[in-house]
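These notes are about the structure you will find just below.
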Number of protein chains: 2
Amino acid sequence: MNSAQNAKRRGRPPAFNHDDALEKAMQAFWEHGYEGTSMAVLMETMGMNKPSIYAAFGNKEALFRKALQKYVSGPSAFVKDAVSEPTARQVVSVLLTKAVELLTAQNTPRGCMIVQGALSCGPESEHIQQELICYRSNFEGSLKERFDLAKANSDLPKDANTATLAKYVAIIHQGISVQATSGATKNDLMAVIDVVMKNWQ
Amino acid sequence: MNSAQNAKRRGRPPAFNHDDALEKAMQAFWEHGYEGTSMAVLMETMGMNKPSIYAAFGNKEALFRKALQKYVSGPSAFVKDAVSEPTARQVVSVLLTKAVELLTAQNTPRGCMIVQGALSCGPESEHIQQELICYRSNFEGSLKERFDLAKANSDLPKDANTATLAKYVAIIHQGISVQATSGATKNDLMAVIDVVMKNWQ
DNA sequence: ATATTTACTTACCAATCGGTACATTAATTA
DNA sequence: TAATTAATGTACCGATTGGTAAGTAAATAT
């Protein structure tokens with residue numbers, strides 16, 4: 001609708017593509033975290049100068065939040081698909097397998113942006129830290145809901161503690177993310193997933 | 001031997017206690033990570049001004065490394081004890097239980113200093129990031145060696161993949177660390193440990 | 001008492017941080 | 001062609017970063 005061609009907007013046309021620039025920002029934040037990514041490197045990777053970035057995306061915090069949304073709806077979109085798998089076991093298996101594939105992929109940064117974006121930080125980044133905590137909590141919450149459904153369907157035993165199971169899977173996922181940044185390979189982590197799934201009820 | 005009282009050193013006596021100051025630095029780095037802890041807050045928490053810190057501990061990187069050693073031989077010393085437990089199962093159980101107790105304690109920062117000290121960072125902190133990766137790798141390596149021993153003692157099955165088991169336990173530990181910083185309680189995480197141990201071979 | 005040694009305090013350094021004022025360029029509209 | 005609009009490039013802002021030079025204070029040795 002409001003594409004550049006149709007709109008014929010008045011002033012000087014932007015020299016950047018909004019989506020491409022945000023993708024670059026996402027990659028930078030993904031790799032080096034919120035505090036570890038300076039406006040200077042954002043300028044370079046996005047191919048924009050600072051005033052253009054601020055005009056297009058707001059300040060650094062706003063840019064990070066938009067990059068985070070792009071991460072959730074892009075590389076991390078498989079999470080929503082995984083919880084739609086027919087059984088709890090398949091949910092866990094698909095979720096962890098696809099997570100390992102993403103977090104150890106060669107063409108993208110290692111590890112999960114939501115885990116390492118601002119795990120620990122200085123006082124001026126606490127809002128972002130809290131936002132990421134919220135994202136992780138929602139992830140865990142959606143797992144719990146899916147397990148509640150499985151329990152109602154007798155896919156999980158009646159006495160299953162769904163909150164604990166959800167936290168267990170979240171812990172595996174977050175541990176995998178730490179391992180991926182530390183250089184663990186896809187095969188290393190897939191072997192661990194095998195152990196986890198072998199133990200799954 | 002070289003205590004202040006016995007030595008009768010020449011010049012002006014230090015106004016700080018070396019060990020106490022390092023303890024304070026450790027707590028600050030533990031809570032906010034390497035990059036998130038500025039020299040300004042280190043000055044305040046250590047009760048020393050900058051030149052005294054540099055004279056006593058070297059630059060920020062050297063100070064962090066010394067704080068890290070203090071963390072390993074202090075709060076995190078239980079790891080060495082845990083791997084001395086008589087069976088692999090007890091090793092894992094004691095290790096994870098004590099980890100949860102430490103990482104969710106009220107009087108100390110949440111989470112593990114070795115995990116969140118510099119999980120992602122800017123280019124000027126990559127040495128520290130690498131050092132922490134090394135520490136985590138050594139932790140995992142000592143677990144593998146312990147499992148190798150258990151395998152030799154028929155405490156673990158002959159076909160057990162000890163490297164994978166070690167990575168599995170390391171992943172649980174690192175996931176717990178992420179959870180602890182995000183506000184998970186001791187009870188939350190102990191329940192997960194119960195699940196892990198119930199699944200343990 | 002003087003010299004020496006050591007640590008402290010103050011003040012400063014260049015570099016970088018996130019963020020912005022201002023003038024310029026390139027497009028459309030009149 | 002002149003006016004308007006929007007995005008650009010440059011140059012700057014105060015604050016903070018890690019790190020240090022230089023002078024002062026407090027102890028011991030001569």
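By convention in this document, chain letters (A, B, ...) are assigned in the order of the sequence lines, proteins followed by strands, and residues within each chain are numbered from 1. All figures in this text were calculated on a predicted structure; none of them were measured in a lab.
- Nucleotide D/dT17 holds its C1' atom 13 Å from the CG atom of B/Leu42, rounded to whole Å.
- C/dG18 atom C1' lies 15 Å from atom CE of A/Met46, rounded to whole Å.
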Next item on the list: Before giving the answer on salt bridge (charged side-chain N to carboxylate O under 4.0 Å, His left out), spell out for A/Lys70 and A/Asp19 the whole-Å C-alpha distance, their side-chain angles and the decisive distance to 0.1 Å.
Entry: CA-CA 9 Å; A/Lys70 191 170 185 62; A/Asp19 218 56; 3.1 Å; yes

Notebook entry, point to check: Along nucleotides 5-14 of chain C, 5' to 3', which nucleotides get a B, which get an S, and which get a -, given that the test is a protein heavy-atom distance under 4.0 Å?
Noted result: BBBSBB----

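- Between B/Leu156 and B/Gln201, the closest heavy-atom pair is CD2-NE2, 4.0 Å.
- B/Phe64 and B/Tyr34 have perpendicular rings, their planes meeting at more than 60° on a 0 to 90° scale where under 30° would count as parallel.
- Summary of the strand contacts: B/Thr37 and A/Met43 both lie near DNA chain D, and taking for each the nucleotide with the nearest heavy atom, the more 5' one is attributed to A/Met43.
- Remark: nothing in residues 117-132 of chain B comes within less than 4.0 Å of DNA chain D through any heavy atom.
- Rounded to whole Å, atom C1' of D/dT8 lies 17 Å from atom OH of A/Tyr54.
- OP1 or OP2 of D/dG19 lies within a sub-4.0 Å distance of a side-chain N or O belonging to B/Asn59.
- Following rounding to the nearest Å, B/Lys60 (NZ) and D/dT17 (P) show an atom-to-atom distance of 9 Å.
- Between the CD atom of B/Glu35 and the C1' atom of C/dC17 there is a distance of 12 Å, rounded to whole Å.
- A/Trp200 CH2 to A/Tyr168 OH: the interatomic distance, rounded to the nearest 0.5 Å, is 7.5 Å.
- Residues B/Met113 and B/Phe29 are in side-chain contact: their nearest non-hydrogen atoms beyond the backbone lie under 4.5 Å apart.
- Residues B/Ile172 and A/Ile172 are in side-chain contact: their nearest non-hydrogen atoms beyond the backbone lie under 4.5 Å apart.
- The CZ atom of B/Phe64 sits 13 Å away from the P atom of D/dG18 (whole-angstrom rounding).
- Rounded to a whole Å, the CE atom of A/Met39 is 19 Å from the P atom of D/dT17.
- Taking the six-membered ring where the residue is Trp, B/His18 and B/Phe57 present tilted rings, their angle falling between 30° and 60°.
- Taking 4.0 Å as the cut-off between side-chain N and carboxylate O, B/Lys144 and B/Glu140 do not count as a salt-bridged pair.
- Between B/Ser120 and A/Trp30, every side-chain heavy-atom pair lies at or beyond the 4.5 Å cut-off.
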